[in-house]
Amino acid sequence: MADARRGWDAVSHEDAGAASRAAAAAGAGAGAAAAAGAGAGAGAAAVAPVFGRKPSAHVGEAASAVREDSVRGDSAHGSGPADSDREASAYARGGAAGDRKPSARRGAVDPVKALMHRHRELCERAVDPLEIAAGLEAHGVTDRTATRFRHRDVFSLAEEMYARVPRAGDPAPQSEAPDTPKVRADWALLTLLPGALCAATLAGLRFTEGRPRLAVAVVGVFAISMGLRAAVRRGPLRAARAWHPTTSTRAWTCGLLAYALLGDGLLAAGIEGGPDGPPTGGPDSPWPIALASVLALTLAVVPAAWCAHLFAVRARRRLATSRGLEEFASSVRPLLLGVFGLFLCALGGLLAGSGAWLGEPPAYAAAGALGALLLLARLLTVHGFTHAPAVILAATGTAEALALVSVFVGRLPGCSLLARPVETVAAAWGPGSVPALVCGGAALVLLIHATRTLTRASAHAAHGDTP
């Protein structure tokens, strides 16, 4: 770091020397100014080899433009492209060009160098230009802003900043493609654990009765929850430590899964005047339990993990090949929608297979909407967007709880109007339509939010705490 700080100080001394030489060149005349501009272009071309990178074409273009601006500025006493450089320099320092009154005529400025000083920590810790591009986008720098620095896009600007940044040791040049997640046997096997434990629990419930069945159910629920916890702690479904879901978010997620297991049967029994007792899980149960939906959702952890892995790998590859933020966003958006559709197809197949094995009608709408909601919430959390999933999951759980409560509160004298909306929807499309509408609406909101956030380059920057 000491060498890096001396490098930054050297850059600052070079700025002062360049300013004095430019002032002297301005007094000498147009010919001397053109010579100074040529020297600046040669110096810019010599910077990149020092740091082990080839000079960017934009650096040469910028140097050529500086020479032309110097000649025109000395003959016309200053206006034109040089003013654009001063505007970019003022923007890089955090202000507007019109907010400051120049005290004396200055030569050609280097706005990229000022931007490097403003984002000094980002440039020092970056391991490749893509990380600088993602950081600039996170700070609000767009392709249109990059044109003020004489670059066509943020990626080109990041390449010049990476090539010019002084760093200790000057490590070997990095590859153009960012680090992509690798398929590992540990997380691939852990994704199978929740579905296997759920299937074992359901098999145990079939061969037991009475208190042994209750014990099998309690142990099975605990084992499945631990299996889910292990599956999302490793691999592509793992969130960085700073982005772990809060306790309330986990509680709402468990509540949504509990409603998928018990909610539809309890709602139907409540509308008919029941229930007459707790569920037993057998054919003579006072109200049915949706075992097929829970089995399919636990098995769906496997396609969810592989879809998340596919999205992360393809997005980072396109980040390496894209030449602009808009180009990257337009290429990642169909990728996100395709991965989302692929997961829905896999979940539909699991619902059909689970229903056939357990002899239950599959709840495609309710369980499919819940699976889509949980996948989108996890994708957003993995990439650092935790607020929207927490709010949407809490709102969805609250809506489903209110739907159940309204049915039982409607039995009180004078409160029948409270239960009428839920009863109307259930009578028209069945009890499963209530969670289908609630979870489907929530999933649609998260999908729209994901198409705006997961298509940013900053969402796919490499983080040290992620797998």
Side-chain angles (χ1 to χ4, degrees), residues 180-202 224-239 245 253 256-257 260-261 290-317 332-358 360 362-383 389 393 435-436 439-440 442-444 446-447 450-451 454 460 466-467:
T180 55
K182 301 296 189 296
V183 177
R184 296 177 55 180
D186 55 353
W187 68 257
L189 293 176
L190 284 175
T191 57
L192 299 171
L193 190 58
L197 291 174
C198 185
T201 301
L202 295 182
I224 294 170
S225 62
M226 291 296 101
L228 286 172
R229 181 184 178 89
V232 300
R233 285 300 181 94
R234 302 185 72 87
L237 296 179
R238 176 182 177 239
T253 303
L256 292 174
L257 293 174
L261 178 65
L291 298 176
S293 297
V294 175
L295 177 60
L297 288 172
T298 54
L299 292 173
V301 175
V302 177
W306 284 100
C307 287
H309 174 76
L310 176 64
F311 177 68
V313 171
R314 294 294 180 89
R316 291 189 183 182
R317 287 180 181 175
V332 172
R333 191 172 292 111
L335 172 64
L336 173 63
L337 297 177
V339 168
F340 180 69
L342 181 63
F343 172 77
L344 290 182
C345 292
L347 180 58
L350 292 174
L351 285 170
S354 300
W357 181 52
L358 297 175
E360 297 180 8
Y364 291 110
L370 177 57
L373 174 63
L374 295 178
L375 173 69
L376 292 172
R378 195 64 193 180
L379 280 179
L380 288 168
T381 302
V382 166
H383 290 87
L393 290 177
C439 294
L444 180 61
L446 278 188
L447 180 61
T451 57
L454 296 183
H460 303 277
T466 56

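Quick caveat, the model's predicted, so the values are computed rather than measured. These values consider heavy atoms only, across backbone and side chains, with no hydrogens, waters or symmetry-generated copies.
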Specify the closest pair of heavy atoms between [X] and [Y], including all atoms of both residues, with the distance to one decimal.
{"X": "Ala290", "Y": "Ala260", "value": "CB-O, 3.3 Å"}
{"X": "Leu335", "Y": "Ala315", "value": "CD2-N, 3.7 Å"}
{"X": "Thr298", "Y": "Cys198", "value": "OG1-CB, 3.5 Å"}
{"X": "Gly368", "Y": "Leu344", "value": "O-CD2, 4.1 Å"}
{"X": "Pro303", "Y": "Phe343", "value": "C-CD1, 4.1 Å"}
{"X": "Leu295", "Y": "Gly195", "value": "CD1-O, 4.1 Å"}

Between atom [atom1] of [X] and atom [atom2] of [Y], what is the distance when rounded to the nearest 0.5 Å?
{"X": "Ser293", "Y": "Leu350", "atom1": "OG", "atom2": "CG", "value": "12.0 Å"}
{"X": "Thr253", "Y": "Leu373", "atom1": "OG1", "atom2": "CG", "value": "8.5 Å"}
{"X": "Leu202", "Y": "Ile224", "atom1": "CG", "atom2": "CD1", "value": "7.0 Å"}
{"X": "Leu376", "Y": "Phe340", "atom1": "CG", "atom2": "CZ", "value": "4.5 Å"}
{"X": "Leu291", "Y": "Trp357", "atom1": "CG", "atom2": "CH2", "value": "9.5 Å"}
{"X": "Leu297", "Y": "Leu375", "atom1": "CG", "atom2": "CG", "value": "11.5 Å"}

Self-check item: Mutual orientation of the aromatic rings belonging to His309 and Trp187 [parallel < 30°, tilted 30-60°, perpendicular > 60°]
Solution: tilted
Self-check item: Any donor-acceptor N/O pair, Glu360 side chain to Gly355 backbone, under 3.5 Å
Solution: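 A pair under 3.5 Å: no.
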Quiz prompt | Check: Leu190 main-chain N/O paired with Arg234 side-chain donor or acceptor under 3.5 Å | solution = no
Validation row: [X], [Y] side chains within 4.5 angstrom (heavy atoms):
{"X": "Thr451", "Y": "Leu336", "answer": "yes"}
{"X": "Leu228", "Y": "Leu193", "answer": "no"}
{"X": "Pro194", "Y": "Val302", "answer": "no"}
{"X": "Val232", "Y": "Arg378", "answer": "yes"}

Practice problem: Start with the C-alpha gap between Phe311 and Leu454, add the side-chain angles, then the distance that decides, and say whether side chain to side chain contact (heavy atoms under 4.5 Å, CB included) holds. | Solution: CA-CA 10 Å; Phe311 177 68; Leu454 296 183; 4.1 Å; yes
Quiz item: When you look at Leu257 and Leu374, which way does the side chain to side chain contact (heavy atoms under 4.5 Å, CB included) test go after all the steps?
Solution: CA-CA 10 Å; Leu257 293 174; Leu374 295 178; 4.1 Å; yes
